[in-house]
Amino acid sequence: RAQPRKVAHAAEGHGASQTKSGGTQGRNCARARGRPAAVFIRCVPIFASGAPAGIVGPHMDAVSESGARRRRRWGRFLRALAVLGVCLPPALAELGRADPVRVMENFSILSSQETWMRLREGRRDAWIIPFCNGEPRVNKPPMLVWMNLLAWTDLTPESATVGLLVLRARLLGVVFALLAVAATAWTGRRLYGGGTGWVAALALGTGLLFLRHARIAAYDIHLLGWLALAMAAAAGALTAGGEASPVRRRLAWGGSGLA
């Protein structure tokens with residue numbers, strides 16, 4: 001009886017030592033081979049879980065959003081160039097060739113020229129009230145005369161000809177015509193969307209009556225430019241929404257009132 005017990009105890013001890021050594025070897029093997037697995041297991045939540053993946057997500061969203069904004073800017077720029085390319089050549093074609101034969105163009109250039117001559121003679125306050133035929137011209141707003149005086153700042157009575165004065169006054173009219181087209185595009189975009197704004201700008205800029213008045217240095221095209229600018233500023237103030245600051249809205253209303 002004693003001998004089989006010894007044999008059994010020896011067998012159990014041998015099995016236990018094998019189990020112990022096998023467990024140690026298994027743990028060592030797991031340590032040796034488990035590092036890549038552990039690294040992989042630790043890396044999986046970066047792509048699988050929501051929180052670490054947020055490190056990559058906002059960056060990619062910001063990149064895609066900036067790219068979309070850049071494409072929208074380029075699209076608006078190309079549309080503006082297209083509208084300018086359609087509207088500008090007819091307004092500039094042989095602009096200074098014809099003599100001023102229209103009544104309002106003659107009055108505006110004559111009043112501007114006489115006021116400009118008074119300034120060149122040393123009368124510093126001559127710009128406040130324009131003169132025409134030696135009398136104050138108070139039945140028309142003086143803004144056109146003031147803008148013509150700015151366009152003639154670098155000219156002198158000795159070097160400037162009547163044709164040059166007329167050409168610069170007409171170029172100023174074309175500038176106000178383009179201002180009206182741009183303001184119309186802005187107003188349409190703010191109220192009805194970008195497509196409507198560009199269509200409205202093209203409809204205005206290619207109109208026969210509009211192009212005819214754009215080539216005349218008279219009061220009408222100046223009035224149209226200022227009026228379109230005032231309406232665009234008012235539309236910007238009305239459609240600003242909650243994202244605009246009160247200061248920005250007040251500035252828009254103030255600009256509309258000044259225009």
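Predicted model only: the values in this text are computed from it and were never measured.
Scored by the side-chain contact (heavy atoms from CB on, under 4.5 Å) test, V175 finds no partners at all (sequence neighbours excluded). In this view, L165 and Q113, W116, W152, L155, A160 satisfy the side-chain contact (heavy atoms from CB on, under 4.5 Å) rule, not counting sequence neighbours. The side-chain contact (heavy atoms from CB on, under 4.5 Å) search around V199 returns none, not counting sequence neighbours. S111 meets the side-chain contact (heavy atoms from CB on, under 4.5 Å) test with T115, P130, C132, R137, V145; sequence neighbours excluded.
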Check the pair L92 / L171 against side chain to side chain contact (heavy atoms under 4.5 Å, CB included), numbers first and verdict last.
-> CA-CA 8 Å; L92 292 178; L171 284 174; 3.9 Å; yes
Step-by-step side chain to side chain contact (heavy atoms under 4.5 Å, CB included) determination, T239 to L191 = CA-CA 7 Å; T239 59; L191 295 179; 3.8 Å; yes
Would V181 and L84 count as a side chain to side chain contact (heavy atoms under 4.5 Å, CB included) if you check the C-alpha gap in whole Å, the side-chain angles of each, and the deciding distance to 0.1 Å?
-> CA-CA 9 Å; V181 172; L84 189 66; over 6 Å; no
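Annotation for A126 and R118: closest pair CB-CB, 3.6 Å, computed over non-hydrogen atoms. The heavy-atom pair separating A218 from L144 by the smallest distance is O-CD1, 3.2 Å. The two residues C87 and L211 make their nearest non-hydrogen contact at O-CD2, 3.9 Å. The nearest pair of heavy atoms linking E114 to N133 is OE1-N, 2.7 Å. Here the closest non-hydrogen pair linking A177 and A214 is CB-CB, 3.6 Å.
When atom types are taken as modelled, the side chain of T187 and the backbone of T184 share no donor-acceptor pair closer than 3.5 angstrom. Here the side chain of W146 pairs a donor or acceptor atom with the backbone of W127 at under 3.5 angstrom. Between the side chain of R215 and the backbone N or O of P90 there is at least one donor-acceptor pair closer than 3.5 Å. With S256 contributing its side chain and A252 its backbone, the two residues share no donor-acceptor pair below 3.5 Å.
The number of heavy-atom neighbours closer than 6.0 Å to CE of M231, taken from other residues, nucleotides and ligands shown, is 12 or below. Counting non-hydrogen atoms of other residues, nucleotides and ligands closer than 6.0 Å to CD of E121 gives a total above 12. Counting non-hydrogen atoms of other residues, nucleotides and ligands closer than 6.0 Å to CG of L208 gives a total of 12 or fewer.
Taking the ring axis of F107 as reference, the NZ or CZ atom of K140 does not stay both within 45° of it and closer than 6.0 Å to the ring centre.
In this structure, CZ in F176 is found 13.0 Å from CG in D220, a value given to the nearest 0.5 Å.
Every pair passing salt bridge (charged side-chain N to carboxylate O under 4.0 Å, His left out) that includes a residue from residues 82-108 is listed here, sequence neighbours excluded: E94-R97, E105-R170. Counting only residues at least two apart or on different chains, the salt bridge (charged side-chain N to carboxylate O under 4.0 Å, His left out) pairs with a member in residues 144-157 are D154-R168.
Both L172 and L150 belong to a single network of hydrophobic side chains, linked directly or stepwise wherever heavy atoms of I, L, V, M, F, W or Y lie under 4.5 Å apart. The hydrophobic cluster containing M143 does not contain I216, counting ILVMFWY residues as joined when their side-chain heavy atoms lie under 4.5 angstrom apart, directly or transitively. If you chain together hydrophobic residues whose side chains sit under 4.5 Å apart, Y219 and V103 never meet in one group. At a threshold of 4.5 Å between side-chain heavy atoms, the hydrophobic network of Ile, Leu, Val, Met, Phe, Trp and Tyr places I221 and V83 in one connected group. Residues L227 and L258 fall into different hydrophobic clusters, defined by Ile, Leu, Val, Met, Phe, Trp and Tyr side chains chained together at heavy-atom separations under 4.5 Å.
In this structure the side chain of M147 reaches within 4.5 angstrom of the side chain of H222, judged on heavy atoms. By the 4.5 Å heavy-atom criterion applied to side chains, V174 and L88 are counted as neighbours. No side-chain heavy atom of W198 sits less than 4.5 Å from a side-chain heavy atom of L202. Here the side chains of W186 and R189 are in contact, with some heavy-atom distance below 4.5 Å. N148 has its side chain out of reach of I109: every pair of non-hydrogen atoms, C-beta onward, lies at least 4.5 Å apart.
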